[in-house]
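Below is one structure; the comments refer to it alone.
Start at 1 with the first residue, then count along the sequence.
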Amino acid sequence: MTYAPWVVLHVPHDAVVVPESVRSQFSVDDEELQRELCVMTDHHTHELFVGDHPEHLVIRSPVSRLVVDVERFEDDALEIMAARGLGVLYRCTSRLTPLRHDLSSEERESLLRRYYRPHHEALERVVAKVLAEFGRCLVLDCHSFPSTPLLYEGAGPDSPRPDICIGTDAFHTSAAVCEAFEDACRSQGWVVCRDDPFAGALVPASCYQKDSRVQAVMVEINRNLYLREPGPAKHEDFDACALRLQAAVQQAIRVL
Ligand SMILES: [Zn+2]
């Protein structure tokens with residue numbers, strides 16, 4: 001499946017790579033680190049969403065979100081999750097227990113320079129290129145979420161979870177974009193919620209609240225639709241689920 005050439009896919013959370021040079025920053029043992037990787041990774045979201053869309057239009061983090069979470073603001077003062085120890089550089093696990101020792105300013109700077117900034121620079125570059133060529137861009141932020149809330153989310157364990165969550169930004173998600181994605185996912189028979197359990201959509205910083213030609217939407221799929229939770233083993237319906245998801249994205253984009 002190839003989407004329109006003005007669609008940029010952002011895949012921030014599907015990597016499980018923890019470089020050896022970073023491992024020593026973590027205070028948990030190997031078993032706990034693996035458990036945390038399992039529950040926090042948006043397993044296989046590249047394969048689920050991307051299809052045959054050209055790789056130069058896909059921005060994917062090469063390292064786990066436990067190393068650097070590229071979906072967060074770089075500045076903890078702007079990042080709401082930083083208060084729970086899950087800002088751009090996680091201090092805590094999903095169970096809100098210690099994950100990492102206190103980083104020195106050099107360690108922090110090194111992680112941001114190596115993994116965070118290049119990721120965002122790549123996103124900025126591709127969005128600028130698409131805008132120059134097509135006069136419009138849609139950043140599709142590709143995620144999944146566990147069927148049962150993790151402690152850090154602050155939701156009750158019995159909170160209902162939809163099949164699909166569509167995340168929006170007040171400035172960068174037009175009603176047309178939001179409704180197109182909601183309608184397309186509902187036409188697959190899925191239960192869809194807006195900004196619940198997760199809100200927002202990632203926008204390149206240079207365009208944020210400035211350039212409405214850059215539209216953004218987050219699509220989060222419930223992992224119980226494609227994964228043997230907590231993963232990473234796939235559900236037997238994985239291929240069918242990927243086709244349905246890509247068909248829904250395609251359907252949404254066609255009407256925009
Ligand atoms: Zn995610």
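No donor-acceptor pair under 3.5 Å is formed between the side chain of Glu220 and the backbone N or O of Asp141. Without hydrogens or angle criteria, Gln215 side chain to Cys137 main chain gives no donor-acceptor distance under 3.5 Å. Here the side chain of Arg91 pairs no donor or acceptor atom with the backbone of Leu103 at under 3.5 angstrom. Not one N or O on the side chain of Gln188 forms a donor-acceptor pair closer than 3.5 Å with the backbone of Leu245. Remark: the backbone N or O of Met81 is not paired with any side-chain donor or acceptor of Arg72 at under 3.5 angstrom. Side-chain N or O atoms of His13 include none that pairs as donor or acceptor with a backbone N or O of Asp42 at under 3.5 Å. Judged purely by atom type and a 3.5 angstrom limit, Ser94 has no side-chain atom pairing as donor or acceptor with the backbone of Tyr152.
Residues Trp6 and Ile253 form a side-chain contact, since some pair of their non-hydrogen atoms from C-beta on lies under 4.5 Å apart. Contact check for Leu66 versus Val22: no side-chain heavy atoms found under the 4.5 Å cut-off. A heavy-atom distance below 4.5 Å is found between the side chains of Thr45 and Tyr226. With a 4.5 Å cut-off on side-chain heavy atoms, Arg23 and Asp30 count as touching. Here the side chains of Leu131 and Asp211 are in contact, with some heavy-atom distance below 4.5 Å. Using a 4.5 Å cut-off on side-chain heavy atoms (C-beta onward), Val139 and Val203 make no contact. Residues Glu179 and Val255 form no side-chain contact, since every pair of their non-hydrogen atoms from C-beta on lies 4.5 Å or further apart. At a threshold of 4.5 Å between non-hydrogen side-chain atoms, the residues Ile166 and Val219 count as touching.
A donor atom on one side chain and an acceptor atom on the other are not found under 3.5 Å apart for Glu229 and His43. Between the side chains of His235 and Asn224, no donor-acceptor pair is found at a separation under 3.5 Å. Asp195 and Thr168 share a donor-acceptor pair across their side chains, judged by distance under 3.5 Å alone. No side-chain donor-acceptor contact under 3.5 Å links Arg161 and Ser147.
Checked against Leu37 for a side chain to side chain contact (heavy atoms under 4.5 Å, CB included), the options Pro230, Ser64, Pro232 give a single hit: Ser64. Applying side-chain hydrogen bond (donor to acceptor under 3.5 Å, both in side chains) to Tyr90 and the options Arg84, Arg65, Arg100 leaves one that passes, Arg65.
Distance check, rounded to the nearest 0.5 Å: CG of Leu150 to CG of Leu96 gives 10.0 Å. The CG atom of Leu140 lies 12.0 Å from the CG atom of Leu57; values are rounded to the nearest 0.5 Å. Ser110 contributes atom OG, which lies 7.5 Å from atom OH of Tyr115 (distance to the nearest 0.5 angstrom). Distance CG/Leu86 to CG/Asp69: 8.0 Å, rounded to 0.5 Å. For the atom pair CZ of Phe26 and CD of Glu36, the computed distance is 9.5 Å after rounding to the nearest 0.5 Å. Rounding to the nearest 0.5 Å gives a distance of 13.0 Å between SG of Cys241 and CZ of Arg223.
The distance between the ring centers of His119 and His10 falls below 6.0 angstrom.
Here Tyr116 pairs with His120 under the ring-ring contact (aromatic ring centres under 6.0 Å, His included) rule; sequence neighbours left out.
The aromatic rings of Phe238 and His44 sit perpendicular, their planes meeting at an angle over 60°, well past the 30° parallel limit.
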Going through the distances and angles, do Thr93 and Glu32 end up as a side-chain hydrogen bond (donor to acceptor under 3.5 Å, both in side chains)? CA-CA 9 Å; Thr93 68; Glu32 176 70 1; 4.7 Å; no

request  = Before giving the answer on side chain to side chain contact (heavy atoms under 4.5 Å, CB included), spell out for Val68 and Leu89 the whole-Å C-alpha distance, their side-chain angles and the decisive distance to 0.1 Å.
outcome  = CA-CA 5 Å; Val68 171; Leu89 302 172; 3.6 Å; yes

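Connection of Leu227 to Met40 is not established within any shared hydrophobic cluster, with ILVMFWY side chains joined at heavy-atom distances below 4.5 Å, either directly or through further cluster members. Note on Val17: it clusters hydrophobically with Leu33, by side-chain heavy-atom contacts below 4.5 Å among ILVMFWY residues. No continuous path of ILVMFWY side-chain contacts below 4.5 Å connects Val217 to Phe145, so the two sit in separate hydrophobic clusters. Side-chain heavy atoms closer than 4.5 Å link hydrophobic residues (I, L, V, M, F, W, Y) into clusters, and following such links, possibly through other members, connects Val39 to Val63. Residues Phe49 and Leu202 are members of one and the same hydrophobic cluster, defined by side-chain heavy-atom contacts under 4.5 angstrom among Ile, Leu, Val, Met, Phe, Trp and Tyr.
Across all their heavy atoms, Pro162 and Val191 have their closest contact at CB-O, 3.6 Å. Here the shortest heavy-atom pairing between His172 and Val214 reads ND1-O, 2.7 Å. Nearest heavy-atom pair across Pro12 and Val70 is CB-CG2, 3.6 Å. The minimum heavy-atom distance between Leu256 and Arg136, with the atom names listed, is C-NH2, 3.5 Å. Considering every non-hydrogen atom in both Arg108 and Val88, the closest pair reads NH2-CG1, 3.7 Å. Residues Leu9 and Tyr3 share a closest heavy-atom pair of CD1-CE1, 3.9 Å.
Arg35 and Asp29 are not joined by a salt bridge, as no carboxylate oxygen comes within less than 4.0 angstrom of a charged side-chain nitrogen. One finds a salt bridge joining Glu74 and Arg117 here, because a Lys/Arg side-chain nitrogen approaches an Asp/Glu carboxylate oxygen to under 4.0 Å.
Within 6.0 Å of CD1 on Ile80 lie no more than 12 heavy atoms contributed by other residues, nucleotides or ligands.
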